K.L.:
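Sharing a structure here in structure tokens format.
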Protein chains: 2
Amino acid sequence: MSSKTSLPFQMTLQVKDACLCLHAQRAARALARCFDEVFRPLGLTNGQFSLMMSLNRPSPPIMGQVAELLSMNRTTLTAALKPLIKRGLVIVQIDSEDRRKQRLALSSAGMSLLVEAYPVWVKTHGEIEALLRDHDPDALRRALAFLSFRLDSMILSESSSVAASQPEGTLGASTHESSDLGRA
Amino acid sequence: MSSKTSLPFQMTLQVKDACLCLHAQRAARALARCFDEVFRPLGLTNGQFSLMMSLNRPSPPIMGQVAELLSMNRTTLTAALKPLIKRGLVIVQIDSEDRRKQRLALSSAGMSLLVEAYPVWVKTHGEIEALLRDHDPDALRRALAFLSFRLDSMILSESSSVAASQPEGTLGASTHESSDLGRA
DNA sequence: ATCAATTATATTGATATCAACGTTTCAGAT
DNA sequence: ATCTGAAACGTTGATATCAATATAATTGAT
């Protein structure tokens with residue numbers, strides 16, 4: 001009847017201006033396109049670069065650790081690994097102590113490609129950072145890191161346990177006292 | 001030979017801590033999961049909510065305008081519309097003046113759903129904003145908006161023309177000069 | 001030793017994202 | 001009138017993303 005059901009345009013404008021999810025999606029898409037473009041000559045996407053980079057550490061991590069580091073669903077990681085494994089850039093090995101665990105490592109070809117990609121990242125990221133000079137890039141990083149950490153803590157309760165409570169160091173200590181990647 | 005090709009762990013830590021693309025992807029994923037969860041009872045994803053919200057305006061926009069507003073590839077929009085059209089939430093009509101253009105509008109069912117979804121967004125977004133109180137949410141929004149605008153200007157040269165330089169009017173004021181969507 | 005709960009991962013089905021390429025329509029020049 | 005270029009959109013193929021569900025291995029309690 002009188003359910004004229006319509007949403008005032010004003011509210012649409014409010015959502016458009018305020019919504020952090022929308023703003024983050026847009027910026028993430030734009031940044032992804034940007035890095036996809038510069039990595040294209042190497043046959044890598046931005047996500048593949050981040051993933052391979054996260055595998056460059058002293059001892060090969062297992063999938064769950066990598067997924068958490070990237071704030072990525074474990075099943076997403078499974079899918080993301082397929083093309084890299086098929087191309088021989090990433091090697092999977094079952095842990096000898098626990099046969100449920102899969103250790104992920106870069107092959108020498110993968111390492112070579114990563115070595116090629118690194119200066120491309122440095123250059124591109126430097127340009128973006130310069131573009132952002134008036135917008136406090138460090139504060140932006142902190143806010144984004146805080147968001148992904150806190151929201152994951154709320155939602156990741158999937159695995160229950162204590163989860164949250166660790167307010168600091170989302171990326172703590174790049175000083176590497178704790179050396180290995182990932183929090184805690 | 002001596003191509004030991006390996007990337008110092010130090011550099012991996014640098015990328016992990018500094019990369020704005022990675023930080024944005026992680027935060028965007030976390031925010032997306034968060035809104036996907038609260039909208040699930042309504043059968044909407046965060047992206048579908050944003051898309052439908054962008055269609056709530058005085059006069060039906062065409063696809064290209066919506067894609068630009070969302071910093072989204074046109075082909076992505078085509079795909080994103082399919083499920084919404086199939087469910088009868090969005091109506092497509094060919095422009096009578098220019099048969100290349102497709103006008104996108106919410107059906108009454110789509111409008112009803114959006115009216116239901118709006119208070120859910122208000123509540124959820126308020127909680128996130130409260131969580132961020134110590135991290136200057138306004139500055140975060142500004143930085144994200146700046147990023148998506150500037151990077152799109154650089155890359156969207158796809159359509160060549162003047163592209164960049166025009167800070168306003170992404171969607172030329174249909175009526176309300178600044179009131180229509182499009183960045184301030 | 002056995003059984004239940006937990007952990008680590010894979011599979012399926014759906015949507016999201018984009019580049020490359022192709023089609024239709026329009027506008028302007030010959 | 002025809003031709004050319006541009007504008008708007010679609011299709012295809014590939015990767016990305018996640019929920020729901022399923023499987024295998026481990027751990028802990030009995």
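The analysis underlying the following values was restricted to heavy atoms, covering all of them including side chains, and did not include hydrogens, waters or symmetry mates. Note that the structure is predicted; figures quoted are calculated from it, not measured. Residue numbering restarts at 1 for every chain, and letters A, B, ... go by the order of the sequence lines.
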K.L.:
Which pairs of donor and acceptor atoms, one on a side chain in residues 77-92 of chain A, lie under 3.5 Å apart (sequence neighbours left out)?
P.N.:
{"from": "A:Thr78", "atom 1": "OG1", "to": "A:Arg74", "atom 2": "O", "distance (Å)": "3.3"}
{"from": "A:Arg87", "atom 1": "NH1", "to": "A:Gly43", "atom 2": "O", "distance (Å)": "2.8"}
{"from": "A:Arg87", "atom 1": "NH2", "to": "A:Gly43", "atom 2": "O", "distance (Å)": "3.3"}

K.L.:
Between D:dA14 atom P and A:Ile85 atom CD1, what is the distance in whole Å?
P.N.:
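It works out to 18 Å between those atoms.
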K.L.:
From CG of B:Asn73 over to C1' of C:dT15, roughly how many Å is that when rounded to an integer?
P.N.:
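Whole-Å distance recorded here is 15 Å.
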K.L.:
For A:Arg29 and for A:Ile62, find the nucleotide of DNA chain C with the closest heavy atom, then tell me which residue's nucleotide is more 5'.
P.N.:
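Result: A:Ile62.
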K.L.:
Between C:dT9, D:dA8, D:dT11, which nucleotide gets closest to the side-chain atoms of B:Lys101?
P.N.:
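Output: D:dA8.
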K.L.:
Which side-chain N or O atoms in residues 110-118 of chain A pair as donor and acceptor under 3.5 Å with protein atoms at least two apart or in another chain?
P.N.:
{"from": "A:Ser112", "atom 1": "OG", "to": "A:Ser108", "atom 2": "O", "distance (Å)": "3.0"}
{"from": "A:Tyr118", "atom 1": "OH", "to": "B:Gln14", "atom 2": "OE1", "distance (Å)": "2.5"}

K.L.:
What is the distance from CD of B:Glu68 to C1' of D:dA8, rounded to the nearest Å?
P.N.:
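Distance, rounded to whole Å: 14 Å.
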K.L.:
Looking only at side-chain atoms of A:Gln48, point me to the closest of D:dT17, C:dT17, D:dA16.
P.N.:
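The closest nucleotide is D:dA16.
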K.L.:
Among D:dT17, D:dT11, C:dT9, find the nucleotide with the atom closest to the side chain of A:Ala79.
P.N.:
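Selected nucleotide (nearest to the side chain): D:dT17.
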K.L.:
Under the rule for side chain to side chain donor-acceptor pair (under 3.5 Å), what residues qualify as partners of A:Arg100, not counting sequence neighbours?
P.N.:
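Scan of A:Arg100 (side chain to side chain donor-acceptor pair (under 3.5 Å), adjacent residues dropped) gives A:Asp98.
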K.L.:
Any protein N or O atoms within reach of nucleotides 20-22 of chain C? Criterion: under 3.5 Å, listing atom names and distances.
P.N.:
none

K.L.:
Which residue, B:Lys82 or A:Thr45, contacts DNA chain D at a nucleotide closer to its 5' end, judged by nearest heavy atom?
P.N.:
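Its nearest nucleotide lies further toward 5', so the answer is B:Lys82.
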K.L.:
Is there a donor and acceptor pair closer than 3.5 Å between the side chain of A:Arg100 and the base of C:dT9?
P.N.:
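Per atom types, no contact qualifies.
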K.L.:
Which residues pass the side chain to side chain contact (heavy atoms under 4.5 Å, CB included) test with A:Leu131, sequence neighbours left out?
P.N.:
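A:Leu131 satisfies side chain to side chain contact (heavy atoms under 4.5 Å, CB included) with B:Phe146, B:Arg150, B:Leu151, B:Met154 only.
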K.L.:
For A:Asn56 and B:Thr12, does a side-chain donor sit closer than 3.5 Å to a side-chain acceptor?
P.N.:
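Side chains of A:Asn56 and B:Thr12: pair found under 3.5 Å.
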K.L.:
Would you say a side-chain N or O of B:Arg33 is under 4.0 Å from OP1 or OP2 of D:dT17?
P.N.:
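No.
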K.L.:
Answer whether the closest heavy-atom distance between the side chains of B:Leu44 and B:Phe35 falls below 4.5 Å.
P.N.:
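Result no, sub-4.5 Å side-chain heavy-atom pair not found.
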K.L.:
Quick one: is B:Gln102 getting a side-chain N or O under 4.0 Å of the D:dG10 phosphate, OP1 or OP2?
P.N.:
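Looking at the OP1 and OP2 atoms of D:dG10, one of them is under 4.0 Å from a side-chain N or O of B:Gln102.
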K.L.:
Atom CG of A:Leu31 to atom P of C:dC18: distance rounded to whole Å?
P.N.:
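Spelled out: CG on A:Leu31 to P on C:dC18 is 12 Å.
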K.L.:
Output the single nucleotide from D:dA25, D:dG10, D:dT17 whose closest atom is nearest the side chain of B:Met63.
P.N.:
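Closest nucleotide to the B:Met63 side chain: D:dG10.
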K.L.:
Between D:dT26, D:dC18, C:dT17, which nucleotide gets closest to the side-chain atoms of B:Met72?
P.N.:
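In terms of side-chain proximity for B:Met72, the closest of D:dT26, D:dC18, C:dT17 is C:dT17.
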K.L.:
Between D:dT15 atom P and A:Asn46 atom CG, what is the distance in whole Å?
P.N.:
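Distance, rounded to whole Å: 14 Å.
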K.L.:
Side chain of A:Thr76 only, heavy atoms from C-beta on: which candidate in C:dC18, C:dT15, D:dA16 is closest?
P.N.:
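Of all the options, the side chain of A:Thr76 is nearest to D:dA16.
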K.L.:
Starting at CD of B:Gln65 and ending at C1' of D:dC9, how long is that distance when rounded to a whole Å?
P.N.:
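So the two atoms are 14 Å apart, to the nearest Å.
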K.L.:
To the nearest Å, give me how far apart CG (A:Asp95) and P (D:dT27) are.
P.N.:
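The answer, rounded to whole Å, is 11 Å.
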K.L.:
Roughly how many Å is it from CG in B:Leu81 to C1' in C:dT17, rounded to a whole number?
P.N.:
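Rounded to whole Å, this separation is 14 Å.
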K.L.:
B:Asp138 versus B:Arg142: any side-chain heavy-atom pair under 4.5 Å?
P.N.:
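The answer is yes; the side chains approach within 4.5 Å.
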K.L.:
Where the side chain of A:Asp98 is defined as all heavy atoms beyond and including C-beta, which of C:dC26, D:dA25, D:dC9 is the nearest nucleotide?
P.N.:
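The nucleotide sitting nearest to the side chain is D:dA25.
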K.L.:
Contact class for A:Gly47 (heavy atom, under 4.0 Å): base, sugar-phosphate, or nothing?
P.N.:
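Nothing: the residue A:Gly47, judged by heavy atoms under 4.0 Å, touches no strand.
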K.L.:
Without placing hydrogens or testing angles, list every side-chain donor-acceptor pair under 3.5 Å for residues 122-129 of chain A, not counting sequence neighbours.
P.N.:
{"from": "A:Lys123", "atom 1": "NZ", "to": "A:Glu127", "atom 2": "OE2", "distance (Å)": "2.7"}
{"from": "A:Thr124", "atom 1": "OG1", "to": "A:Val120", "atom 2": "O", "distance (Å)": "2.9"}
{"from": "A:His125", "atom 1": "ND1", "to": "A:Glu129", "atom 2": "OE1", "distance (Å)": "3.3"}
{"from": "A:His125", "atom 1": "NE2", "to": "B:Ala18", "atom 2": "O", "distance (Å)": "3.1"}
{"from": "A:His125", "atom 1": "NE2", "to": "B:Leu20", "atom 2": "N", "distance (Å)": "2.9"}
{"from": "A:Glu129", "atom 1": "OE1", "to": "A:Arg141", "atom 2": "NH1", "distance (Å)": "3.4"}
{"from": "A:Glu129", "atom 1": "OE2", "to": "A:Arg141", "atom 2": "NH2", "distance (Å)": "2.7"}

K.L.:
Nearest to the side chain of B:Thr78, which nucleotide is it out of C:dA10, D:dG10, D:dA16?
P.N.:
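Out of C:dA10, D:dG10, D:dA16, the nucleotide with an atom closest to B:Thr78's side chain is D:dG10.
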